[in-house]
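I have placed the structure first, in the form of structure tokens, so that the comments after it can refer back to it.
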Number of protein chains: 2
Amino acid sequence: MDSPDVELPENVELPESIALAWGLRNRPSRGPKRSLSLTQLVAAGIRVAQAEGLPAVSMSRVASELGVATMSLYRYVPTKQDLLDLMIDTAFGPPAPPRAPGEGWRPALTRWAEANLAALRREPWIRHVPLSGPPINPNQVRWLEYGLAALRGTGLRGAERISTVMLVSGYTRSWANTTADLAEAAARTGQTPDEVGQHYWQHLARLTASGPYPAIHELLTEADDEEEDYYDAEWRFGLGRVLDGVETLIQARAAAQP
Amino acid sequence: MDSPDVELPENVELPESIALAWGLRNRPSRGPKRSLSLTQLVAAGIRVAQAEGLPAVSMSRVASELGVATMSLYRYVPTKQDLLDLMIDTAFGPPAPPRAPGEGWRPALTRWAEANLAALRREPWIRHVPLSGPPINPNQVRWLEYGLAALRGTGLRGAERISTVMLVSGYTRSWANTTADLAEAAARTGQTPDEVGQHYWQHLARLTASGPYPAIHELLTEADDEEEDYYDAEWRFGLGRVLDGVETLIQARAAAQP
DNA sequence: GTAATCTGCGTATGACATACGCTGTAATGC
DNA sequence: GCATTACAGCGTATGTCATACGCAGATTAC
């Protein structure tokens with residue numbers, strides 16, 4: 001195994017939030033036994049988020065879900081943001097199966113992206129949580145591992161591989177957010193997502209009617225083909241652009257060394 | 001001009017937030033004269049955000065900046081979110097000059113993305129504001145126009161053009177957010193951004209030391225070339241992947257019709 | 001057995017967005 | 001010109017929220 005060759009700081013001090021997420025925080029050895037576990041807190045937070053959306057996830061609401069007093073939660077997590085981070089990591093769950101032997105990098109990375117999208121769609125509240133930084137919690141790291149594994153042997157350098165994974169991940173998140181916002185606006189106004197989209201175009205048409213917006217006007221006059229799977233097509237378009245761009249580089253690398 | 005051919009609903013009811021942003025809300029004709037303008041409110045909000053970050057932008061803080069009472073602000077904007085939306089649109093400013101005659105789509109879109117990135121870097125507080133939906137406010141629409149204009153004549157369909165613009169925009173925003181978070185973490189902990197990044201890798205190495213993470217281990221063992229412009233290279237890598245992917249499609253389109 | 005540490009929780013604090021209503025100002029209609 | 005209408009500014013108030021603090025009791029270590 002390579003890791004002994006890594007300049008591995010066994011004594012690296014982990015920030016409390018990370019130690020908490022990985023179960024590395026010191027367990028208390030004195031005092032009364034805890035009535036709850038961190039897992040229960042996280043599960044309760046997720047239940048509230050799923051049922052009532054992220055704005056409902058207050059410390060008091062989660063405590064109520066568990067039948068304890070609000071301030072008890074602070075015995076388990078230092079801040080609410082820590083709880084949210086744990087909720088996200090748990091809600092994401094473990095990643096889809098990694099790239100199989102004989103499976104190309106592109107199908108593997110596509111599967112990875114689609115599983116990522118599925119998780120985000122399953123838990124639309126995730127998009128409202130402020131991001132805490134690069135992937136570091138247990139499931140995040142597992143997802144990162146499998147994303148990187150899809151790119152092994154492609155000739156991409158390490159920095160390029162992680163940039164690629166972050167690029168795909170960023171696109172997936174962006175797309176999931178946009179469609180979730182659309183669905184939420186529809187639910188809030190009693191419309192369908194298509195109707196919400198149509199209203200956007202109508203507003204845009206009205207606002208740009210009298211100004212110098214030739215490219216937008218051209219866009220608005222083009223046939224709006226109402227294909228059934230417009231959203232699926234758009235998802236595939238964007239992912240395809242990203243993966244085509246990666247493929248271009250991989251092929252250029254392969255051609256540069258015969 | 002094409003717009004008369006658009007099924008243009010002149011009587012489309014604009015939501016109040018949009019009407020406000022475009023100066024289309026009815027002006028009051030009775031009552032005392034206003035002591036402030038909406039522009040002044042927005043400018044005050046931006047000043048506070050720039051000086052103290054987004055968490056400081058409360059209605060009372062902005063009112064204090066203007067020397068008025070908190071509740072006065074609600075005579076000008078219905079909600080705080082409306083003020084934040086206006087602040088973003090104003091802070092973004094007008095877009096960079098559009099694609100010039102003879103300028104290719106790729107250099108034009110690259111310039112567009114880089115101007116977009118510059119705006120986001122100039123105003124790092126923007127990333128913390130919850131997004132309100134697709135581009136609809138005045139400057140947003142101008143940016144959209146110029147992004148679309150860069151892609152005219154490429155053979156991409158309308159839906160593909162706007163998807164491309166959103167793809168580039170999403171990547172730019174994602175990248176700007178990541179680097180801004182890094183810079184902020186550095187400032188908060190008295191480190192350099194490189195030091196913050198190193199700590200992340202150290203944490204990752206520690207946490208994955210004893211688990212099945214071969215792809216991450218491989219990544220950690222690769223030469224970490226400390227090139228001066230690592231961040232610039234990473235930005236260019238990601239944008240290049242996206243634009244290569246777009247270029248692949250444009251060339252395939254051109255080849256499909258001789 | 002004593003000291004130390006922890007759990008659960010009640011009380012409290014400061015901050016925040018915004019509802020409500022009062023007084024005074026300015027425009028409109030008759 | 002006056003009454004009515006609508007608005008501006010702002011003081012007061014409300015409910016919600018994250019979290020600090022401290023108390024009493026439970027549990028462990030020495």
Side-chain angles (χ1 to χ4, degrees), chain A residues 16-17 19-20 23 25-42 44-45 48-49 51-88 125 128-130 132, chain B residues 16-17 19-20 23 25-42 44-45 48-49 51-88 125 128-130 132:
Chain A
E16 190 181 11
S17 305
L20 181 69
R25 215 166 49 154
N26 284 339
R27 296 172 155 272
S29 57
R30 299 183 184 192
K33 293 199 186 291
R34 289 178 158 181
S35 65
L36 300 169
S37 66
L38 187 58
T39 303
Q40 283 173 295
L41 260 75
V42 173
V48 173
E52 299 163 42
L54 190 74
V57 181
S58 64
M59 297 304 267
S60 63
R61 178 70 189 81
V62 176
S64 164
E65 184 77 14
L66 292 162
V68 298
T70 304
M71 297 306 294
S72 303
L73 301 197
Y74 289 95
R75 302 291 189 191
Y76 300 80
V77 291
T79 66
K80 180 184 168 182
Q81 183 64 44
D82 291 309
L83 176 60
L84 294 177
D85 291 339
L86 295 177
M87 283 164 56
I88 291 185
W125 54 270
H128 296 305
V129 181
S132 285
Chain B
E16 189 181 14
S17 304
L20 179 71
R25 212 166 52 154
N26 287 338
R27 294 170 158 277
S29 58
R30 300 186 183 190
K33 295 200 185 291
R34 288 178 160 180
S35 66
L36 300 169
S37 67
L38 187 57
T39 302
Q40 283 173 296
L41 259 75
V42 174
V48 173
E52 300 161 42
L54 191 73
V57 182
S58 64
M59 297 304 266
S60 63
R61 179 68 190 84
V62 175
S64 162
E65 185 76 13
L66 292 162
V68 298
T70 304
M71 299 303 296
S72 302
L73 301 197
Y74 289 94
R75 303 291 190 189
Y76 299 80
V77 290
T79 65
K80 180 184 171 181
Q81 184 64 43
D82 291 309
L83 176 62
L84 294 177
D85 291 339
L86 295 176
M87 283 164 56
I88 292 185
W125 54 270
H128 297 305
V129 181
S132 285

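A note on names: the letters A, B, ... follow the listed sequences, proteins ahead of strands, and every chain is numbered from 1.
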Between CG of A/Leu84 and NE2 of A/His128, what distance do you get to the nearest 0.5 Å?
12.5 Å
Rounded to whole Å, CG of B/Asp82 lies from C1' of C/dT18 at a distance of 13 Å
To the nearest 0.5 Å, what is the distance between CG (B/Leu86) and CD (B/Gln81)?
10.0 Å
Quick one: list whatever passes side-chain contact (heavy atoms from CB on, under 4.5 Å) with A/Ser29, sequence neighbours left out.
none
Using atom names, set out every protein N or O paired with an N or O of nucleotides 10-16 of chain C below 3.5 Å, distance rounded to 0.1 Å.
none

Interatomic distance, B/Arg27 CZ vs D/dA8 C1' [rounded to whole Å]
16 Å
Which residue lies toward the 5' end of DNA chain C, B/Arg75 or B/Thr79, if each is placed at its nearest nucleotide?
B/Thr79
Would you say B/Tyr76 reaches D/dG9's phosphate, i.e. side-chain N/O to OP1/OP2 under 4.0 Å?
yes
Counting C-beta onward and ignoring hydrogens, is there a side-chain heavy-atom pair between B/Lys80 and B/Val62 closer than 4.5 Å?
no
At under 4.0 Å, does any side-chain N or O of B/Ser72 touch on OP1 or OP2 of D/dC10?
yes
Those residues that, when tested against A/Glu16, pass side-chain contact (heavy atoms from CB on, under 4.5 Å) (two or more places apart):
A/Arg25, A/Pro78
Between P on D/dA8 and CG on B/Leu38, what's the gap in Å once rounded to a whole number?
12 Å
Is there a side-chain contact between B/Val57 and B/Val129 (heavy atoms, below 4.5 Å)?
no
Rounded to whole Å, how long is the line connecting atom CZ of B/Arg34 with atom C1' of D/dC10?
15 Å
May I have the distance from A/Gln40 (atom CD) to C/dT7 (atom C1'), rounded to whole angstrom?
15 Å
Side-chain atoms of B/Tyr74 come closest, of D/dT19, C/dG8, C/dA17, to C/dA17
With rounding to the nearest 0.5 angstrom, report the CG to OG1 distance, B/Leu20 to B/Thr79.
9.5 Å
Please check the phosphate of C/dG8 (OP1 and OP2 only) for any side-chain N or O of A/Ser35 closer than 4.0 Å.
yes
Scan residues 54-76 of chain A for pairs that pass salt bridge (charged side-chain N to carboxylate O under 4.0 Å, His left out), counting only residues two or more places apart or in two chains.
A/Arg47-A/Glu65, A/Glu52-A/Arg61, A/Arg61-A/Glu65
Who passes side-chain contact (heavy atoms from CB on, under 4.5 Å) against A/Tyr76, sequence neighbours left out?
A/Arg34, A/Ser35, A/Leu36, A/Leu38, A/Leu41
Report, as a single string ordered 5' to 3', how protein heavy atoms within less than 4.0 Å touch nucleotides 23-30 of chain C: B base, S sugar-phosphate only, - not at all.
-BBBBS--
